Undergrad: 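This is the structure I want to talk about, given as C-alpha cells.
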4 protein chains.
Amino acid sequence: MPPRSTKQSVVEVDQSEPELDLGDSRPLRADAERNRRLIVEAAETVFAERGLMAGFDEVARAAGVGVGTVYRRFPQRDDLIDALFADRVQAMVALAESAAAIEEPWQALGWFLEQSVAEQAGDRGLAEVLGDGMRGSRRLAQARERMLPAVGDLLARARRAGVVRPDVEILDLAVIGSMLARLSTDADPELWRRYLPIALDGLRQRPDSAPLVGGAAREADLTQLARR
Amino acid sequence: MPPRSTKQSVVEVDQSEPELDLGDSRPLRADAERNRRLIVEAAETVFAERGLMAGFDEVARAAGVGVGTVYRRFPQRDDLIDALFADRVQAMVALAESAAAIEEPWQALGWFLEQSVAEQAGDRGLAEVLGDGMRGSRRLAQARERMLPAVGDLLARARRAGVVRPDVEILDLAVIGSMLARLSTDADPELWRRYLPIALDGLRQRPDSAPLVGGAAREADLTQLARR
Amino acid sequence: MPPRSTKQSVVEVDQSEPELDLGDSRPLRADAERNRRLIVEAAETVFAERGLMAGFDEVARAAGVGVGTVYRRFPQRDDLIDALFADRVQAMVALAESAAAIEEPWQALGWFLEQSVAEQAGDRGLAEVLGDGMRGSRRLAQARERMLPAVGDLLARARRAGVVRPDVEILDLAVIGSMLARLSTDADPELWRRYLPIALDGLRQRPDSAPLVGGAAREADLTQLARR
Amino acid sequence: MPPRSTKQSVVEVDQSEPELDLGDSRPLRADAERNRRLIVEAAETVFAERGLMAGFDEVARAAGVGVGTVYRRFPQRDDLIDALFADRVQAMVALAESAAAIEEPWQALGWFLEQSVAEQAGDRGLAEVLGDGMRGSRRLAQARERMLPAVGDLLARARRAGVVRPDVEILDLAVIGSMLARLSTDADPELWRRYLPIALDGLRQRPDSAPLVGGAAREADLTQLARR
DNA sequence: CATGAATGAGGTTTCATTCAT
DNA sequence: AATGAATGAAACCTCATTCAT
C-alpha cells in the first residue's frame, strides 16, 4: 500500500480486468476448470522458484495432475505464462498508478521501485516476464506495455521536480529494477533491500551528477537481460 | 591504466606473476601446445557467451578438435576453468593493487570498480568464476581470495576519507560489480557504463545517506547469485 | 522334476511366490505393461548373452523402444536386474527345496546341481546374479540368501549319509555349479552336461578320497569369479 | 619338476626354439631392443592380470614407454601375444612331455593337470591363449598344436591302464583345466587347488562310472569359452 | 478429457588405435 | 625410432514435448 500523504484523498485505482480475451468461447467442464486452477496454482509456485523455463513435469507433479493435462490446457508455454502473469503485470501497472497518488515525486518513484522489486524478487517468473516482452502472448504484452506510460508519468514528475537525474529513462528504471530483483538468495531473500537505497541515491539528481553515458537500454536489451 | 593524480608520481605496481604453479613439469609438445591454445581460445569465447557450464562438445567444435582432445588436456571442467581464468583473476587482483596507487580514495575505488566490471562484462565465465568460489581449483581459489584484502584496502581508505557510505562492505562491492557486469547485451555490450555512475553515486557518502539495512552479502549469497 | 524314488510318495513342494513385493502400488497401463514386457524380454536375451553390464541402448534396440523408455521403467540397472532375475532366483530356491523331497540324499544333491546348472547355463546374467551378491537390490539379495540354508540341508543330508566328501561346503557347490554353467557354447549349449557327472563323481565320498586342501570359497571369491 | 620315478632315466626334453621365424630380418637397434624387452616384461604382468585384451596404454605405462612404441614394435595385438606366449606354450608342451617320464599313468596325468593349471591360474593371458586357438599368430598356433599329441599320449596311457574314464578326450582335459584355472581370486589365488582333486577323482575310471554324454568339446567351443 | 508413457536428440565421458612431431 | 596427442565411435543418462490409451 502506498504511504498516503496526509489529508489527501487517493486516486481510486481501477483494478478491473480490461477484457482483452479473444473468444476463448465456452466455459470449461467443471473438472477441467478445477484442474486448470490446480495447475495455475502449482505453476505460480514453480515458476516463482525456477523461472519461466521450469519443466512442465514439475508443474504437473506439484498440481497433482499428469503432464498431458498441463499441455492440453496450455499447449504453448506462453499460454500458461499468460494465465499466470497477466494479472500480476496488471497489478504492477496498478502499482505505478497507485504511486501517482503519492504527492512527493521522489517518494512516489522510490515507493514504486521498492514495490515493484519486492514483487519481482520473490518471483523469478514475474521478473522474467517483466523483462522479456516476447514472453506470454498478446494479452500479456498489452498489459506490460501499459507500464510504460504509468512509470513514465512517475519519472516525468520526478524530472520536473528536479529530483531525478534528468537523463534517466523509463527502461533504465526497468533495468535497475530487474537487477535489484535478482538480489534474492535462499539465505537472504530480501538482500535487495540493502541495495535499493544505493540505487535510489544513485538515481537522484545531485549538483555534481555527471550526465549518463550511452543510450538508455532498449527493449531488446531488456529482453536479452531477462533471458540470461 | 589508472588516471594519474596530477603532479604526483605513481607507485610502480608489480604486475609480475607470483609463481603459483605447482609442478606442471615439462612443456607440451608443439602440436599439443597448439591444440591447447586452440581449445583455450575457443573456450574463452564459448564460456564468455554461455558461462562455465557450456558443453565440452561445443568447445571442441569451436576449437576444431575432437572432444577427446579437450578431455585429455582438461580432464575436469575445473582444469579448463583454471586455465582460462587463473590469469584473469590474477589480473583482477593486480587491478585492485594498481588502484592503490591512485591517490584520491574515491577515484581509486571508482576506477577499480570500472575496470573490474569492464573485465567481467561480456564474459559470463569470468563473472561466474569471480562470484562462485567453488569454481575452478585450488590455484584459482587462492587467486580469488587475494582480491578481498586488496579491495578491502581500497574500501577502507575511502571509508577513512569519509567518501563512501560507512557501512558498505567488500562483498557489497562484489555484488554490485557482478550485477553491473551482467548489463551487457549484444546490441550494447557496454550498457553497464551507463549504470556505473549511478552505482557509484549511490555508494557515495552523503550528508543525508541513510544507513544500509540488513547484513552485507555473504560468500554463500554471492555464490548463489553467480550460479543463476 | 525330481526323479521319484520308487513306491514312495513325494512331499508336495510349495512353489507359490512368497510375497516379497513391497508396495509396487497399482498396475501399469496397458501400453506401458506391453513395453515393460518387451523390455524385459529383450533384456533377458541381451543379458543372457552379454551379462549384466550389457548396454541399455542395446536392450532398447532389441525391445524396439527408445532408451528413455528403458530408463523410465528401470531407472537403476539393479531395477532391471531385479525384474529379470528375482523370480529366477526364487525358482532356484524352490529347486533346492524341491530336491529335499527326493529321498536318496545323493540323488537329491545331484538333481539339484543339474537343475541349477541347467538354469544358469546359457544365461550369463543369471549366473552373474547368483554369483554376485551385490547385484540387484534388496529383494533379490534376500531371495539369493535363501539358497544357502536350502542347499545346506541337501549337503548336510548327503554328508550324514556319508555319500559326499565330508569337507565340501555350500559355497564349494556354488563355485562348481558356476564353473559348470559357463560350459555352454553356441555350438554346444549343453556342453556342461558332459562334465556334470565328472564333477559329481569328484564330489562323492570314496574310501580313498583325500581331504580337500585350503578353505572353501568365500562370498568374496564367488563375487569376484562372477564378475570375471 | 616331475617327480622322477626311481631308477628310470628321464627323457630329455628338447627346449630349443624350433626356428619358425619367417624372416624378421635384421636385428633391432640397441635402444629399440631394450624397449622391446621392457614392453614384453611389462606386458607379461599386465596380460597376466587383465588378460589378452588389456589396454596397450597400460602396457606402455608399465613399460615406461609411449603407446606408440608398443604399436610400432607390435603392430598387431597378436604380435605381442606371440612374443609373450610362444615360449610359455612351449613350456607347457615340455610339461606334458616331462609328464611322460612319470611312470605311473594316473600320476602322470594328474601331475600334468596340476602343473598346467598352476601355470594358467596365475596368468589370465596364458589361459586365454591356451584356450583360444585364434589368438597369436602362426608360430603360437603351431606351438599350441603340439600340446595335443603330448597330452594325448598321457591320456592314452591312462586309458590303457584303465585308470581314466575311457571316453574322456584331450579337449575335455583342456576344458577342465581351463575352468580350474579360473578359480583364482585376489583373496585366494590358489583356490583351484581345492577343486583339482575333485576334478581328478571325477575323471578317474570307477566300476560305476557312467559313460559321458554328448560329444567332447571341440576347438570352437574351447575358443568361445576362452573368450568369455 | 486425463493420463503418464514414449520419444530421441544432446550432453558427458572413455578408450583402442592412428599419426604428426 | 619414440612419443603421446588426437581421434571419434559408443555408452551413459536426461528432459521437453508428443501421443496412445
Side-chain angles (χ1 to χ4, degrees), chain A residues 28-36 38-39 53-61 63-73 75-77, chain B residues 26 28-36 38-39 53-61 63-77, chain C residues 26 28-36 38-39 53-61 63-77, chain D residues 28-36 38-39 53-61 63-73 75-77:
Chain A
L28 291 171
R29 233 168 60 181
D31 55 345
E33 182 51 40
R34 190 179 54 83
N35 275 338
R36 191 193 145 90
L38 286 173
I39 291 167
M53 293 311 290
F56 269 31
D57 240 2
E58 196 177 349
V59 173
R61 212 175 318 120
V65 304
V67 227
T69 308
V70 181
Y71 276 95
R72 157 168 284 268
R73 201 50 64 211
Q76 307 299 326
R77 187 172 287 266
Chain B
R26 51 194 162 160
L28 288 173
R29 229 169 58 184
D31 54 346
E33 183 51 42
R34 188 172 47 77
N35 274 335
R36 191 194 144 92
L38 286 173
I39 291 167
M53 293 312 288
F56 269 33
D57 264 16
E58 192 178 354
V59 172
R61 215 175 315 122
V65 304
V67 225
T69 308
V70 180
Y71 276 96
R72 159 176 278 268
R73 200 53 61 210
F74 305 100
Q76 308 299 326
R77 184 174 291 268
Chain C
R26 50 192 163 164
L28 288 173
R29 228 168 61 183
D31 54 346
E33 183 50 43
R34 188 173 47 79
N35 275 334
R36 191 194 144 92
L38 286 173
I39 291 168
M53 294 310 290
F56 269 34
D57 270 16
E58 192 177 352
V59 172
R61 216 176 312 122
V65 304
V67 224
T69 307
V70 181
Y71 277 97
R72 158 178 278 269
R73 199 54 62 210
F74 305 101
Q76 308 298 325
R77 183 173 293 268
Chain D
L28 291 172
R29 235 168 58 181
D31 55 345
E33 182 50 40
R34 190 179 53 84
N35 275 338
R36 191 193 145 90
L38 287 173
I39 290 166
M53 293 310 290
F56 270 30
D57 239 2
E58 196 178 349
V59 172
R61 211 176 318 120
V65 304
V67 227
T69 308
V70 181
Y71 276 95
R72 157 169 284 269
R73 202 49 64 211
Q76 306 300 325
R77 186 172 289 266

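In this text, all values refer to a predicted model and were calculated from it rather than measured experimentally. Throughout, a chain's letter reflects where its sequence line sits, starting with A, and its residues are numbered from 1.
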Undergrad: Over how many whole Å does the gap from A:Ile39 atom CD1 to E:dA2 atom C1' extend?
TA: 10 Å

Undergrad: What's the verdict on side chain to side chain contact (heavy atoms under 4.5 Å, CB included) for B:Leu38 and B:Arg34, showing C-alpha distance, side-chain angles and the deciding distance?
TA: CA-CA 6 Å; B:Leu38 286 173; B:Arg34 188 172 47 77; 4.1 Å; yes

Undergrad: Would you kindly give the CZ-to-C1' distance between A:Arg34 and E:dA2, to the nearest whole Å?
TA: 11 Å

Undergrad: Between F:dA20 atom P and C:Arg36 atom CZ, what is the distance in whole Å?
TA: 23 Å

Undergrad: If pairs are Watson-Crick or G-U with both distances under 3.5 Å, what is the dot-bracket string of DNA chain E, marking crossing pairs with [ ] and pairs to another strand with |?
TA: .||||||||||||||||||||

Undergrad: Report the distance from atom CG of B:Leu38 to atom P of F:dA5, rounded to the nearest whole Å.
TA: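 Going from B:Leu38 (CG) to F:dA5 (P), I get 15 Å.
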
Undergrad: Would you mind reading off the distance between A:Asn35 atom CG and E:dA2 atom C1', rounded to a whole angstrom?
TA: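 Roughly 8 Å, once rounded to whole Å.
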
Undergrad: Return the value, rounded to whole Å, for the distance between atom CZ of B:Phe74 and atom P of F:dA6.
TA: 10 Å

Undergrad: If the sugar-phosphate is the primed atoms plus P, OP1 and OP2 and the base is the rest, what is the B/S/- string for nucleotides 8-14 of chain E, using protein heavy atoms under 4.0 Å?
TA: B--SBBB

Undergrad: Of all the heavy-atom pairs spanning C:Val70 and C:Phe56, show the shortest one and how long it is.
TA: CG1-CD2, 3.5 Å

Undergrad: Can you name the nearest heavy-atom pair linking A:Ala54 to A:Arg77, along with the distance?
TA: O-NH1, 2.8 Å

Undergrad: Looking at F:dA6, I'd like to know if its phosphate oxygens (OP1 or OP2) sit under 4.0 Å from a side-chain N or O belonging to B:Arg73.
TA: yes

Undergrad: Of all the heavy-atom pairs spanning B:Ala63 and B:Ile39, show the shortest one and how long it is.
TA: CB-CA, 3.8 Å

Undergrad: Working to the nearest 0.5 Å, report the span between CZ of A:Arg36 and CZ of A:Arg72.
TA: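 Result: 13.5 Å between the selected atoms.
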
Undergrad: Can you name the residues that form a side-chain hydrogen bond (donor to acceptor under 3.5 Å, both in side chains) with C:Asp31, not counting sequence neighbours?
TA: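 Checked C:Asp31 against side-chain hydrogen bond (donor to acceptor under 3.5 Å, both in side chains); matches are C:Arg29.
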
Undergrad: Distance check needed: E:dA20 C1' versus B:Asp31 CG, whole Å only.
TA: 6 Å

Undergrad: Tell me whether the side-chain N/O atoms of C:Arg72 come closer than 4.0 Å to OP1 or OP2 in E:dA6.
TA: no

